[in-house]
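Everything on this sheet refers to the single structure shown next.
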Amino acid sequence: MKKIIIALLILISLISVSDVVGKTAFFKWITTEIKVPFGASLEGYKDKYEVEFYVDGKRSYDFEIIKETNCSTFSTVLTNRLGKYTVYYQAYSKTYNVRSEQAIVFNVCDEISPTVEIDQLIYHDYGSNFDILKHIKCQDNTTPTNELIIEEDLHEVDFLQLGTYSASVIVSDLSGRETKKDFMIKIIDNVKPNIKQLKALNVNYGEVIDVSEFFLATDNYDGDITEFIEISGFDEKKIGYQRIEVSVSDGSGNLTTSLFTVLVVDNMFPEITLSTYEVILRVEDFALYNEEYFKKYILNTDDNFEVT
């Protein structure tokens, strides 16, 4: 009886083996590289692989996956460091006695672009060098700030002409991720004009000050602006020294005011109008020729300076 049972078992086993051996079975790996965002947990990405199993040309799910084979381990995958890491997986069908080992690559990559902060309107002083680093703040999750690549586009900006212009900046990290920001640059003039005294301020009594004779006003943007000089506090009929205020504004409204000392002098002789240009004097009347005698010949006296 035992011999009959053993014979039956052997027969059944042979039939089963014969049936399996006659099958064509193979694995097809579809996804073997998995992107992992920098700093993410690896747990959510271990099963992102794809593999298909075919038996006689038909899809079959009669298999299992064994991870961390071929002496590989997930502990070598560092998600806080960019790079590619390999862990071996094995697909195995016990029914069909088919195995396939595959290297699964975990590509830890940077999916985040740099953050960039910049004022929408930047005021820039005319005549100074423009430095984008003084106006921008940027950082990145993987690239150190001092290694970020900053490219500015200033081709529309005329730094030699006051006005408001469009500009942009692109900040890129070492992974090639980039952020673009548009902004405006306003070229302004904050420099006050300069007033220079050309010579000593000596002015004739009763005359106004000839600005161009005594002063030169220059501006960093507008150039010679002497014609716009204004003088206050001057009394042309006050003999002697006096302080005056000289001021000038440029086209941007920058005002310069300086104090100067002016000397008002009287260089004109008095004028006398006589009734005659010839007087005959007699020797015998010499005693009569005093000051009062000659005054009768004076018709008029005139002087530019009036004593008050």
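The chain is numbered in sequence order, starting from 1.
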Acceptor/donor pairs from residues 191-200 side chains to any protein atom, 3.5 angstrom cut, sequence neighbours excluded:
from : atom 1 : to   : atom 2 : distance (Å)
Q197 : NE2    : K199 : O      : 2.8
K199 : NZ     : E213 : OE2    : 2.7

Side chains of residues 127-137: which donor-acceptor pairs under 3.5 Å do they make with residues two or more places apart or in other chains?
from : atom 1 : to   : atom 2 : distance (Å)
S128 : OG     : H124 : NE2    : 3.4
S128 : OG     : D125 : O      : 2.7
D131 : OD1    : L133 : N      : 3.1

Let me have the donor-acceptor pairs involving side chains of residues 159-172, under 3.5 Å, with sequence neighbours excluded, atom names and distances please.
from : atom 1 : to   : atom 2 : distance (Å)
Q161 : NE2    : Y221 : OH     : 3.2
Y165 : OH     : Q161 : O      : 2.9

Cut-off 3.5 Å, no hydrogens considered: what does the side-chain donor-acceptor table look like for residues 245-253, sequence neighbours left out?
from : atom 1 : to   : atom 2 : distance (Å)
E245 : OE1    : S232 : OG     : 3.3
D250 : OD1    : S252 : N      : 3.0
D250 : OD1    : G253 : N      : 3.0
D250 : OD1    : N254 : N      : 2.8
D250 : OD2    : N254 : ND2    : 3.0

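The hydrophobic side chain of V283 is isolated, with no ILVMFWY side chain under 4.5 Å apart from it. Within the hydrophobic cluster formed by Ile, Leu, Val, Met, Phe, Trp and Tyr side chains joined at under 4.5 Å, directly or through other members, Y54 is accompanied by F26. Hydrophobic cluster of I280: no remaining members, since no ILVMFWY side chain lies below 4.5 Å from it. Grouped with I188 in one hydrophobic cluster are L121, Y123, M184, the linkage being side-chain heavy-atom contacts under 4.5 Å among Ile, Leu, Val, Met, Phe, Trp and Tyr residues.
Not one N or O on the side chain of E52 forms a donor-acceptor pair closer than 3.5 Å with the backbone of R59.
With sequence neighbours left out, E43 forms a side-chain hydrogen bond (donor to acceptor under 3.5 Å, both in side chains) with K46. Residues passing the salt bridge (charged side-chain N to carboxylate O under 4.0 Å, His left out) test with E156: none are found, sequence neighbours excluded. Every residue meeting the side-chain hydrogen bond (donor to acceptor under 3.5 Å, both in side chains) condition with T142, not counting sequence neighbours, appears here in chain and number order: D110, D140. Partners of D222 according to the side-chain hydrogen bond (donor to acceptor under 3.5 Å, both in side chains) rule, which considers only residues two or more places apart in sequence or in another chain, do not exist here.
Between K94 and E64 there is no salt bridge, since none of the side-chain N atoms of the basic residue sits less than 4.0 Å from a carboxylate O of the acidic one.
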